[in-house]
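Numbering of residues begins at 1 and proceeds along the displayed sequence.
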Amino acid sequence: MKLNISNYGTQPVIMRYLAELVHAQLEMRIPEQIPEGICLDDLMNIAQKGQMNYLILGALLKLSLPEDKKEAMQQIMIYSTMRTLEQVCTIRDLQQRLEDAGIRNQLLKGSVLKEIYPTPEMREMSDIDIMIYEPSYEATEQIITSMGFYKVEEVKHHAVFVRKPCMMIEMHWALYDKNVDHEQYLYYKDTFRAKKKKDCNYCYCFSKEDFYIYMI
């Protein structure tokens with residue numbers, strides 16, 4: 001259903017219009033025209049900073065806009081789409097290697113949410129988060145590095161691996177930092193809540209309810 005951005009109470013106009021753009025893209029329709037007082041460059045900056053290029057810029061491209069702006073947005077979307085394609089291929093490759101190696105693992109966060117959207121590029125992400133349910137991580141590190149990644153740092157409960165030009169993997173050994181998110185940490189630690197994915201022996205996933213709790 002098309003939003004009426006004139007009836008959104010006291011919300012700033014730009015926030016109302018961003019909601020309209022997102023809804024329009026998800027519903028695959030032409031959005032309302034850009035309201036007076038909203039700068040197109042501001043919308044483009046928000047899209048890039050919020051990693052919402054496909055949702056916001058994709059909707060804007062359905063409007064009549066200056067050609068130079070449309071060309072700039074198209075280039076951003078091409079890069080974003082290619083990055084998503086590489087992420088999706090990397091995820092599949094990584095999980096298959098871990099499955100073959102008998103390493104228990106689970107995709108987290110955006111890698112899971114990508115599968116919920118109408119198309120994966122609608123849910124952009126900066127990195128691939130994966131949980132490893134093993135006492136040792138040497139084998140997993142070897143698999144990740146064999147895919148062209150190198151480790152740059154370890155932060156709290158995960159290690160960060162990078163592959164140029166734009167791929168990043170965060171390998172987690174805990175779902176939460178137990179010193180920061182103590183109750184959530186215990187909720188998942190005391191009972192192993194992940195279930196095996198269909199046709200897999202070592203790749204796991206949460207139920208919808210536990211995934212929701214984890215994300216919140």
Side-chain angles (χ1 to χ4, degrees), residues 18-19 21-26 28 43-61 73-99 105-133 140-141 143-145 147-177 180-181 184 188 194 197 200 203-208 210-216:
L18 287 169
L21 292 173
V22 171
H23 277 79
Q25 187 71 337
L26 290 172
M28 299 181 182
L43 295 172
M44 293 173 65
N45 288 334
I46 290 170
Q48 292 181 77
K49 289 181 179 179
Q51 292 186 307
M52 298 179 70
N53 293 310
Y54 198 92
L55 285 173
I56 294 175
L57 302 185
L60 287 170
L61 282 169
M73 287 190 283
Q74 286 168 346
Q75 290 301 312
I76 294 169
M77 285 190 62
I78 289 171
Y79 173 81
S80 177
T81 301
M82 294 302 294
R83 186 183 187 189
T84 285
L85 177 61
E86 186 175 0
Q87 287 174 336
V88 169
C89 291
T90 299
I91 287 168
R92 292 174 180 171
D93 184 20
L94 175 58
Q95 280 214 295
Q96 187 60 58
R97 289 175 186 239
L98 294 173
E99 176 76 11
N105 68 92
Q106 178 183 354
L107 292 175
L108 305 172
K109 304 178 184 178
S111 299
V112 179
L113 289 173
K114 272 184 174 294
E115 300 176 4
I116 298 173
Y117 281 72
T119 57
E121 59 268 27
M122 286 187 176
R123 205 299 181 178
E124 298 174 58
M125 61 185 190
S126 58
D127 52 46
I128 297 166
D129 292 276
I130 191 161
M131 175 71 188
I132 303 300
Y133 293 107
T140 304
E141 287 196 17
I143 287 173
I144 294 175
T145 54
M147 295 170 62
F149 288 83
Y150 61 93
K151 185 163 72 172
V152 293
E153 62 179 340
E154 291 188 4
V155 184
K156 295 183 179 179
H157 55 290
H158 66 264
V160 180
F161 297 82
V162 171
R163 183 177 69 197
K164 294 181 178 180
C166 60
M167 286 294 101
M168 182 182 298
I169 292 175
E170 288 190 359
M171 183 192 74
H172 294 248
W173 50 81
L175 293 169
Y176 291 97
D177 183 336
V180 177
D181 310 289
Q184 297 96 314
Y188 289 96
K197 292 176 68 174
C200 293
C203 296
Y204 289 76
C205 62
F206 284 139
S207 66
K208 292 179 180 179
D210 276 326
F211 181 71
Y212 176 78
I213 293 170
Y214 175 71
M215 289 301 293
I216 293 298

So do the side chains of [X] and [Y] get within less than 4.5 Å of each other, counting heavy atoms only?
X: Thr140; Y: Trp173; answer: no
X: Leu98; Y: Leu94; answer: yes
X: Leu18; Y: Leu43; answer: yes
X: Asn105; Y: Gln95; answer: yes

Check step by step if side chain to side chain contact (heavy atoms under 4.5 Å, CB included) holds for Met44 and Leu57. CA-CA 7 Å; Met44 293 173 65; Leu57 302 185; 4.0 Å; yes
Partner of Thr84 under side-chain contact (heavy atoms from CB on, under 4.5 Å), picked from Arg123, Glu121, Met122, Met125, is Glu121
Inter-residue atom distance [X].[atom1] - [Y].[atom2], 0.5 Å rounding:
X: Leu108; Y: Ile128; atom1: CG; atom2: CD1; result: 12.0 Å
X: Ile143; Y: Ile169; atom1: CD1; atom2: CD1; result: 10.5 Å
X: Ile76; Y: Ile56; atom1: CD1; atom2: CD1; result: 11.5 Å
X: Glu170; Y: Ser126; atom1: CD; atom2: OG; result: 7.0 Å
X: Leu55; Y: Leu26; atom1: CG; atom2: CG; result: 5.5 Å
X: Lys109; Y: Asp129; atom1: NZ; atom2: CG; result: 4.5 Å

Side chain to side chain contact (heavy atoms under 4.5 Å, CB included) for Thr119 and Tyr54? Distances and angles first, verdict last. CA-CA 10 Å; Thr119 57; Tyr54 198 92; 4.3 Å; yes
For residues 45-52, which side-chain N or O atoms pair as donor and acceptor with protein atoms under 3.5 Å away, sequence neighbours left out?
residue : atom : partner : partner atom : Å
Asn45   : ND2  : Asp41   : O            : 3.3

Write down the atom of [X], the atom of [Y], and the distance for their closest heavy-atom approach.
X: Gln87; Y: Asp127; answer: NE2-N, 4.4 Å
X: Met28; Y: Pro118; answer: CE-CB, 4.4 Å
X: Tyr117; Y: Leu113; answer: CD1-O, 3.2 Å
X: Glu124; Y: Ser80; answer: OE1-OG, 2.8 Å
X: Ile130; Y: Leu107; answer: CD1-CD2, 4.0 Å

In terms of heavy-atom contacts, does CE of Met215 have more than 12 from other residues, nucleotides or ligands at under 6.0 Å? yes
One pair to check against side chain to side chain contact (heavy atoms under 4.5 Å, CB included): Leu175 and Gln184. What are the steps and the verdict? CA-CA 9 Å; Leu175 293 169; Gln184 297 96 314; over 6 Å; no
Got a sec, which residues hit side chain to side chain contact (heavy atoms under 4.5 Å, CB included) with Cys205, two or more places apart in sequence or on another chain?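 Lys197.
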Between Tyr176 and Tyr214, is the gap from one ring center to the other below 6.0 Å? yes
Just checking, is any N or O donor in the side chain of Tyr133 or Gln106 under 3.5 Å from an acceptor N or O on the other one?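 A pair is found: one side chain offers a donor N or O, the other an acceptor, under 3.5 Å apart.
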N/O donor-acceptor pair under 3.5 Å between Glu99 side chain and Cys203 backbone: yes
Donor-acceptor contacts under 3.5 Å from residues 154-164 side chains, at least two apart:
residue : atom : partner : partner atom : Å
Glu154  : OE2  : Lys151  : NZ           : 3.0
His158  : ND1  : Val155  : O            : 3.4
Arg163  : NH1  : Met147  : O            : 2.9
Arg163  : NH2  : Glu86   : OE2          : 3.2
Arg163  : NH2  : Thr90   : OG1          : 2.9

